[in-house]
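These notes concern the structure reproduced below.
Scope of the values below: all heavy atoms of this structure, side chains included, with no hydrogens, waters or symmetry mates.
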Amino acid sequence: MTFGGGRYFIVPTGVFLFALLLANPISLFAIFSSSKLLQETRYKLLANTLITDLLYSFICFALTATNISPVIFPDLLCEILLSLQTVVFFSGFLNITAMGVNIYLAINWPLQYNSIFTPSRAVKLIVTIWLLSSIIPLVSYILLSGDQGLLCDIPVCFFNILFFLPHPNPVVQEMNYVAVVVMCTACSVLVFVCFYLLVWRTRKSGIWTGMHSKARQTITIHCLIFSFYFLPTIIMVIQRVLLSYRLMHIKSMLYVTMTVSNVVLLIPKALTPYLHGFRCEELSVAIQSLLKGRSQISPSG
């Protein structure tokens, strides 16, 4: 599980993880320390996103470390890390989609919103997201026989590589590939439709006027982060097509795959606590209270 050329990818992975650790834990602690913030669906979803981002970044760092380590780690370790990474990847994508739909519902139906998205329903939604995210890895293990593994013959442990190289069970490989493409495409279409309808229905309300409009900033930030989530899917499809026509070398595919895993997928996770967290007034107040050492966190409305 060693690929010498991949040793430099530990640098961006470490940088993004460090940036995440500077803001992610304090944001999570601020949310869970405030009963008021926990009553709001958007902060529940944000907290779940921050948790999945943190888990994904640690797993990605661990995978990169095993790939560049001179020690040959057992395949079982890679399979466990890949399965966890798959669950967290799906969870993050579904959760960021739920955040987009939540914005649409909150603005379009402000009076009915609290009855639609109650705190208990928000918790059920988050549990459902994690359960749905666990289906693909679970089914993959069920379909694999006892003498087969998740890995191909290339000694590199990366999530995206499972979709390109010869696999012990082609059915599982195709199932994973189709699941990723279908889910990412469906989520992207859903978010696009929600935001399009949101802008179209509120175009005469004046909330989009000016570059400093909070509504414009919210949509722009969410679209930016979601674009980084969907971009790897586009890259993966292009890679698959190029490899099928033998227009791409295996080594080039490895470098592109590692760039996606260690850079593209980590960019939105490093940006989320800064773009989503610190610009929210209530959360910003809660974080400032923590930094000032207050024992009681009471964010103003």
Side-chain angles (χ1 to χ4, degrees), residues 12-62 84 87-88 91-103 105-107 110 113-114 117-127 129-130 212-226 228-229 265-301:
T13 307
V15 170
F16 286 126
L17 180 59
F18 178 74
L20 191 68
L21 290 174
L22 287 178
N24 194 305
I26 188 70
S27 299
L28 279 173
F29 191 71
I31 293 175
F32 286 109
S33 298
S34 172
S35 58
K36 180 180 179 180
L37 295 183
L38 282 176
Q39 291 301 310
E40 297 190 36
T41 301
R42 58 173 175 159
Y43 287 115
K44 280 190 172 71
L45 292 174
L46 177 59
N48 191 46
T49 297
L50 294 175
I51 291 173
T52 57
D53 290 349
L54 199 61
L55 290 174
Y56 185 92
S57 299
F58 275 120
I59 293 171
C60 184
F61 187 85
L84 293 175
V87 172
V88 177
S91 179
F93 212 113
L94 292 174
N95 201 79
I96 201 72
T97 303
M99 291 176 67
V101 175
N102 179 66
I103 293 173
L105 294 175
I107 296 179
Y113 172 76
N114 289 331
F117 252 140
T118 61
S120 59
R121 287 180 180 175
V123 174
K124 292 177 182 178
L125 174 63
I126 292 173
V127 173
I129 287 174
W130 281 102
H212 298 289
S213 166
K214 188 172 182 179
R216 182 190 294 271
Q217 292 176 2
T218 299
I219 296 298
T220 301
I221 289 173
H222 199 86
C223 287
L224 175 65
I225 291 179
F226 198 87
F228 280 108
Y229 273 90
L265 282 172
L266 290 180
I267 289 177
K269 302 180 186 308
L271 291 177
T272 295
Y274 299 96
L275 296 181
H276 271 297
F278 292 156
R279 65 178 298 272
C280 299
E281 183 179 355
E282 296 90 345
L283 180 56
S284 178
V285 171
I287 292 175
Q288 290 177 25
S289 299
L290 287 176
L291 295 177
K292 291 178 181 179
R294 297 180 183 177
S295 58
Q296 297 294 326
I297 300 177
S298 303
S300 56

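The environment of Phe61 atom CZ is sparse: at most 12 non-hydrogen atoms of other residues, nucleotides or ligands sit within 6.0 angstrom.
For the residue pair Thr49/Asn95, the side-chain donor-acceptor check at 3.5 Å is satisfied. Inspection of the Ser284 and Gln288 side chains reveals an N or O donor paired with an N or O acceptor under 3.5 Å.
From Asn48, atom CG reaches atom CD1 of Ile126 across 4.5 Å, with rounding to the nearest 0.5 Å. Here Ser91 contributes atom OG and Leu55 contributes atom CG; the two are 8.5 Å apart, rounded to the nearest 0.5 Å. Here Met99 contributes atom CE and Ile103 contributes atom CD1; the two are 6.5 Å apart, rounded to the nearest 0.5 Å. Summarising the geometry, atom CG belonging to Leu290 is positioned 11.5 Å from atom NZ belonging to Lys292; distances are rounded to the nearest 0.5 Å. Here the CZ-CD1 distance, from Phe228 to Ile225, works out to 9.5 Å after rounding to the nearest 0.5 Å. From Leu21, atom CG reaches atom CZ of Phe16 across 13.5 Å, with rounding to the nearest 0.5 Å.
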List the steps and the verdict of side chain to side chain contact (heavy atoms under 4.5 Å, CB included) for Cys280 and Tyr43.
-> CA-CA 10 Å; Cys280 299; Tyr43 287 115; 3.4 Å; yes
Evaluate the criterion side chain to side chain contact (heavy atoms under 4.5 Å, CB included) for residue pair Thr118 and Thr41; output intermediate values, then yes/no.
-> CA-CA 7 Å; Thr118 61; Thr41 301; over 6 Å; no
Steps toward side chain to side chain contact (heavy atoms under 4.5 Å, CB included) verdict (Val87, Trp130) = CA-CA 8 Å; Val87 172; Trp130 281 102; 3.9 Å; yes
Could you go through the side chain to side chain contact (heavy atoms under 4.5 Å, CB included) check for Leu50 and Leu54 one step at a time?
-> CA-CA 6 Å; Leu50 294 175; Leu54 199 61; over 6 Å; no
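Tyr56 places no side-chain N or O within donor-acceptor distance of the main-chain N or O of Leu265, the cut-off being under 3.5 Å. Put simply, the side chain of Thr52 never gets that close to the backbone of Val88: no donor and acceptor are under 3.5 Å apart.
Pairs passing the salt bridge (Lys or Arg N to Asp or Glu O under 4.0 Å) check and including a residue from residues 45-59, sequence neighbours excluded, read Asp53-Lys269.
Ring geometry, Phe226 versus His222: the interplanar angle falls under 30°, so the pair is classed parallel (tilted spans 30 to 60°).
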